[in-house]
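Everything below concerns the one structure shown next.
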Amino acid sequence: MYEPVVDAWKRYSRLLNKPGTPWRASPGVMAEIHTRFGQLDMLMESIVTVLDSASWSPAVEGETADDERRLFLQAWDWASVYTDAFYFFGWRTVDLLNGAVDGPLPCLEPIRPTGLLAVRDSLHDHPEGQGDYYRHGLEFREEALEKISRAADALEAGGGGTEPGSR
């Protein structure tokens, strides 16, 4: 699910660390961002798999309605765990991309992930208002893809007049 973002990140990283360019970023930050995108992808796949398996259908032969109910509720519990993990890993990724950890990354505009903000609001700040189905709030890949691609384009073009570390 995050493959296009990972591809854009690899392109940005290659251009950023190209010999002879004035731009540098912490290798640890760059590696962690790459790792976090992989983790976010794994979590999204897990959430989708668990939610897709959480259907309330007639019991399979040998199962009771209580067994089915237990399995359904257990699937939703796992979805909740994966969603919380996605939020925390996602927010860490946004902090890294926005330079909150080791300073701003060259040519990269700030990421404002409305999906993650919605998850924070509904799951953490105001869990009492959480809806029945909140999978849609887990994504920020489109904005990340757009901004990382634009930053890579700017680096490829020689920075477009930007200074290292500028946004």
Side-chain angles (χ1 to χ4, degrees), residues 1-54 75 78-125 130-131 133-167:
M1 294 182 178
Y2 274 81
E3 293 91 1
V5 178
V6 170
D7 290 344
W9 182 251
K10 286 178 183 176
R11 179 175 165 241
Y12 175 81
S13 298
R14 269 193 315 274
L15 292 165
L16 184 66
N17 293 314
K18 195 167 127 182
T21 62
W23 304 290
R24 292 290 171 259
S26 163
V29 167
M30 301 297 282
E32 184 178 351
I33 291 169
H34 181 80
T35 298
R36 295 292 180 195
F37 280 135
Q39 291 170 332
L40 293 170
D41 192 46
M42 289 170 49
L43 286 166
M44 280 297 291
E45 288 177 16
S46 297
I47 291 167
V48 169
T49 299
V50 143
L51 290 178
D52 287 347
S53 75
W78 276 111
S80 176
V81 168
Y82 293 142
T83 300
D84 280 356
F86 184 94
Y87 165 76
F88 286 112
F89 288 6
W91 203 253
R92 172 67 179 178
T93 305
V94 169
D95 279 347
L96 291 163
L97 289 168
N98 286 342
V101 175
D102 200 30
L105 295 170
C107 302
L108 187 60
E109 301 168 53
I111 307 286
R112 301 282 182 242
T114 41
L116 282 179
L117 292 171
V119 169
R120 182 189 68 195
D121 288 347
S122 67
L123 296 183
H124 297 280
D125 291 348
Q130 175 180 317
Y133 195 71
Y134 49 85
R135 180 166 77 179
H136 67 280
L138 297 174
E139 299 185 30
F140 71 98
R141 66 177 176 232
E142 296 306 318
E143 181 182 3
L145 176 61
E146 175 189 334
K147 291 188 176 175
I148 291 168
S149 295
R150 199 166 37 230
D153 290 343
L155 289 176
E156 199 166 48
T162 61
E163 295 295 318
S166 68
R167 294 179 180 244

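Starting from 1, each residue takes its place in the sequence as its number.
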Is there a side-chain contact between [X] and [Y], using heavy atoms and a 4.5 Å cut-off?
{"X": "Met30", "Y": "Asp102", "answer": "no"}
{"X": "Arg11", "Y": "Glu156", "answer": "yes"}
{"X": "Thr49", "Y": "Tyr82", "answer": "no"}

Hey, could you give me the [atom1]/[atom2] distance between [X] and [Y], rounded to the nearest 0.5 Å?
{"X": "Leu40", "Y": "Met42", "atom1": "CG", "atom2": "CE", "result": "10.5 Å"}
{"X": "Met44", "Y": "Gln39", "atom1": "CE", "atom2": "CD", "result": "15.0 Å"}
{"X": "Trp78", "Y": "Ser46", "atom1": "CH2", "atom2": "OG", "result": "9.5 Å"}

Do you know which two heavy atoms are closest between [X] and [Y], and how far apart they sit?
{"X": "Ala25", "Y": "Leu16", "value": "CB-CD2, 3.5 Å"}
{"X": "Tyr12", "Y": "Pro106", "value": "OH-O, 2.6 Å"}
{"X": "Ile33", "Y": "Leu105", "value": "CD1-CD1, 4.0 Å"}
{"X": "Ala79", "Y": "Ile47", "value": "O-CG1, 4.4 Å"}
{"X": "Thr21", "Y": "Arg24", "value": "OG1-NH1, 3.3 Å"}
{"X": "Leu43", "Y": "Ala85", "value": "CD1-C, 3.7 Å"}

- Answer yes if the ring centres of Trp91 and Phe88 are under 6.0 angstrom apart, and no otherwise.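 No, too far apart.
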
- Query: Quick check: does any side chain N or O of Lys147 sit under 3.5 Å from a backbone N or O of Leu108, one acting as donor and the other as acceptor?
  - Reply: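 No, because the side chain of Lys147 does not come within donor-acceptor range (under 3.5 Å) of the backbone of Leu108.
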
- Let me see the working for Trp9 and Leu97 under side-chain contact (heavy atoms from CB on, under 4.5 Å), right down to the final yes or no. CA-CA 10 Å; Trp9 182 251; Leu97 289 168; 3.6 Å; yes

- List for me each residue that meets side chain to side chain contact (heavy atoms under 4.5 Å, CB included) alongside Ser149, sequence neighbours excluded, and say none if there are none.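 Per chain and number, Ser149 pairs via side chain to side chain contact (heavy atoms under 4.5 Å, CB included) with Ala8, Leu145.
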
- Task: Sorted by first residue and then second, give each salt bridge (Lys or Arg N to Asp or Glu O under 4.0 Å) pair with at least one member in residues 29-45; sequence neighbours left out.
- Result: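 Those involving residues 29-45 are Glu32-Arg36, Glu32-Arg92.
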
